Amino acid sequence: MFRTLQEDNKDILAIIAQVDELIARLRAESKIPKEYLVPFFELYQESVGDFEERFYTRDIEVPADIQQEYEDLLYDLILTLKVFDV
């Protein structure tokens, strides 16, 4: 069952992987100012942490409308982080 749900959630998981890679690279290159780390952590927790807690770790498929909301939050986070990717 878990494997099926992983497949159902693969779009969101792929976006989360992009966010994680971007954050790791920006932090390694010291491109995120320290005063922004806490707000970014809060945004990350709001999108990724909430998704994982509500759906992924409980083996629950994300309804399509809620999936779109999470994808939008994650894309907004990526766009916000891209500001520091210069």
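Keep in mind it's a predicted model, so treat the numbers as computed, not measured. Reckoned from all heavy atoms, side chains included, excluding hydrogens, waters and symmetry mates.
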Counting only heavy atoms from other residues, nucleotides and ligands, does the tally under 6.0 Å from NZ of Lys31 exceed 12?
yes
Can you tell whether the side chains of Glu29 and Arg25 come within less than 4.0 Å, N to carboxylate O?
yes
Which one of Asp20, Leu74, Leu73 satisfies the side chain to side chain contact (heavy atoms under 4.5 Å, CB included) criterion with Ile15?
Leu74
In Å and rounded to the nearest 0.5 Å, what is the OH to OG1 distance from Tyr36 to Thr80?
11.0 Å
Check: Ser47 side chain, Leu43 main-chain N or O, donor-acceptor pair, under 3.5 Å:
yes
Interatomic distance, Glu71 atom CD to Ile16 atom CD1 [nearest 0.5 angstrom]
10.0 Å
Closest heavy-atom pair, Leu22 versus Ile78, reported as atoms and distance to 0.1 Å, is CD2-O, 3.9 Å
Is there a continuous path of hydrophobic side-chain contacts, each under 4.5 Å between heavy atoms, that joins Phe41 to Val19?
no
Could you grab the distance from atom NZ of Lys82 to atom CG of Leu26, nearest 0.5 Å is fine?
8.0 Å
Pairwise distance CD(Gln67) to CD1(Ile12) - rounded to 0.5 angstrom:
4.5 Å
Is the Phe84 to Phe40 ring centre distance short of 6.0 Å?
yes
With side-chain contact (heavy atoms from CB on, under 4.5 Å) as the test, would you mind laying out the steps for Leu37 and Arg27 before giving the verdict?
CA-CA 9 Å; Leu37 290 177; Arg27 288 190 72 197; 4.2 Å; yes
Report the relative orientation of the aromatic rings in Tyr70 and Phe51; use parallel for angles under 30°, tilted for 30 to 60°, perpendicular for over 60°.
perpendicular
Is the shortest side-chain heavy-atom distance between Gln45 and Asp50 below 4.5 Å?
no
If you round to the nearest 0.5 Å, how far is CG of Leu77 from CG of Asp72?
12.5 Å
